[in-house]
Amino acid sequence: MTLPKHVKIVEVGPRDGLQNEKADVDLDTKVELVERLADAGFANVEAASFVSPKWVPQMASSSEVMARIRRRPGTIYSALTPNMKGLEGAIAARVDEVVVFTAVTEAFTQRNTNCSIAESIARAAPVVRAAKDAGLRTRVALSTTMGCPYEGVPPVSAVVDVLERVADLGCDEFDIADTIGVGTPTRVVEVMEACARVVPVDRISAHFHDTYGMAVANVHAALQVGVSIVHSSVAGLGGCPYAKGATGNVATEDVLFLLHGLGIETGVDLDAVVDVGQWISAKLGRRCESRVGNALAAKRAAARGETTGEACAA
Ligand code: HMG
Ligand code: MG
């Protein structure tokens, strides 16, 4: 299969990234992160999450973030909404797109949303209907498609089964997630091909965490199946609070370097994202997890005659 000419990147750092930060991230930093990412050219930024603040305290300021951000025309601002209460918050905050979520394994669904897969889908149905009535775009995320921290690797038939059960909700996009970053390209091709027999491939997105360092290879594998929507997180921020040990999403800088190297358009300015990645990592006091981000930052520093301790790419 020929690779797509254009890929839409959904930048999930402000949600999937920050939701996992233990220390409180101040509102100014959250707002600046969303604004700088939108300015870098992303067509879609996952900016907020209207979930229980008892479950994910870091996202409790989502309404304030949405109220404060300067909105860039052309950028879709998304938020997670597990139930009607979440949707009400999202509508009040004027988000453009809402994300309902379930998983392929029962144990993860219980730990993440305190209910069974069937209950999570039943909860999602009225949320999607009401969101569409309100004129919002909708997505549904399927966690643990490549592996589950509690149940191991689910059969591909289990992914297909859950996808078939959510296919009729009427969502615009289907996020196929490797929650704990254990997938490898062969599995990704198998899962994506099976998913593409259930829903149109141009509505499937690859949402891959990078725990085992396979995520860039896995994105490449998904592109070969025809997937043209990729989720990533600036500086590789993040993890899942309900998947212990799982690290962040594939780093946006790494995905951009891959895509641009393949001659695929994204509309996103890699240099600007490198700046954001270095800035947010310093703000959070953590190492930037993007190999590309660190290499390009080191190269720039070397050009200015500074030494950074990072290996400098030629
Ligand atoms: P529950 O405790 O079963 O819900 O949680 P409940 O309906 O019994 O409500 C309990 C309390 O939460 C009540 O407050 C509600 O008002 C409140 P109280 O009366 O005790 O003061 N509440 C809410 N507050 C704000 N916003 C809401 C909301 N709903 C209830 N929307 C629930 C069920 C789903 C709410 C909870 O389990 C939850 O919030 N889970 C979210 C967990 C989460 O955010 N996980 C991370 C995101 S998913 C992810 O990262 C995976 C993804 O990236 C893909 C991948 O990588 O796999 C998408
Ligand atoms: Mg995730």
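We count ligands from 1, going down the list as the structure has it; atoms in each ligand are counted the same way.
Residue Arg123 places a heavy atom under 4.0 Å from ligand 1. Within the structure, the closest approach of Gly89 to ligand 1 does not fall below 4.0 Å when heavy atoms are considered.
Numbered from 1 in the order shown, with element, the atoms of ligand 1 that lie under 4.0 Å from a heavy atom of Lys54 read 14 (O), 18 (P), 20 (O), 21 (O). Applying the 4.0 Å criterion to heavy atoms of Leu80 picks out, from ligand 1, the atoms 47 (C), 48 (S). Per-residue contacts place His209 under 4.0 angstrom from the following atoms of ligand 1 (heavy atoms of the residue considered): 56 (O). For ligand 1, the atoms lying closer than 4.0 Å to a non-hydrogen atom of Gly86 are 31 (N). Each of the following atoms of ligand 1 lies closer than 4.0 Å to a heavy atom of Pro53: 24 (N), 25 (C). Heavy-atom proximity to Thr113, at under 4.0 Å, picks out these atoms of ligand 1: 33 (C), 34 (C), 37 (O). In the vicinity of Ala177, heavy-atom distances shorter than 4.0 Å reach the ligand 1 atoms 54 (C), 55 (C), 56 (O), 57 (O).
With a 4.0 Å cut-off on non-hydrogen atoms, Gln19 touches ligand 1 through its side chain and not its backbone. At a 4.0 Å heavy-atom cut-off, ligand 1 does not touch Thr81 at all. Contacts between Thr179 and ligand 1 below 4.0 angstrom, taking non-hydrogen atoms only, involve backbone and side chain alike. Only the backbone of Phe50 comes within 4.0 Å of ligand 1, judged by heavy-atom distances. Here Arg15 has side-chain heavy atoms under 4.0 Å from ligand 1, and that is the only part of it that gets that close.
With no hydrogens or angles considered, a side-chain donor-acceptor pair links His207 and Asp16 at under 3.5 Å. Inspection of the Glu119 and Ser116 side chains reveals an N or O donor paired with an N or O acceptor under 3.5 Å. A donor and an acceptor atom, one from each side chain of Ser290 and Asp254, are located under 3.5 Å apart. With 3.5 Å as the limit, one finds no donor-acceptor pair spanning the side chains of Glu289 and Asn294. Counting only N and O atoms by type, the side chains of His6 and Ser228 include no donor and acceptor under 3.5 Å apart. Side-chain atoms of Thr144 and Thr105 include a donor-acceptor pair closer than 3.5 Å.
The Mg ion (ligand 2) lies closest to atom OD2 when only the N/O/S atoms of Asp16 are considered. The atom of His207 nearest to the Mg ion (ligand 2) is NE2, with the search restricted to N, O or S atoms.
Taking each of Thr145, Val51, Val100, Asn83 in turn, the one with a heavy atom nearest to atom 29 (N) of ligand 1 proves to be Asn83. The option with the heavy atom closest to atom 17 (C) of ligand 1, from among Ala90, Ser52, Ser143, Ala246, is Ser52. Closest heavy-atom approach to atom 1 (P) of ligand 1 among the candidates Thr109, Asn114, Leu142: Asn114.
Between Asp133 and Arg129, no side-chain nitrogen of the basic residue sits less than 4.0 Å from a carboxylate oxygen of the acidic one, so the salt-bridge criterion is not met. A salt bridge links Asp39 and Arg70; the closest N-O separation between the charged side-chain nitrogens and carboxylate oxygens is under 4.0 Å. Using a 4.0 Å cut-off between a side-chain N of Lys or Arg and a carboxylate O of Asp or Glu, Arg137 and Glu173 qualify as a salt bridge.
Residue Val189 is grouped with residue Val7 when hydrophobic side chains (ILVMFWY) are merged at heavy-atom distances under 4.5 angstrom, including chains of intermediate members. A continuous path of ILVMFWY side-chain contacts below 4.5 Å connects Leu258 to Val225, so both sit in one hydrophobic cluster.
Looking at Asn112 next to ligand 1, an N or O pair under 3.5 Å apart turns up.
For Arg291, the CZ atom sits in a loose shell: 12 or fewer heavy atoms of surrounding residues, nucleotides or ligands are nearer than 6.0 Å.
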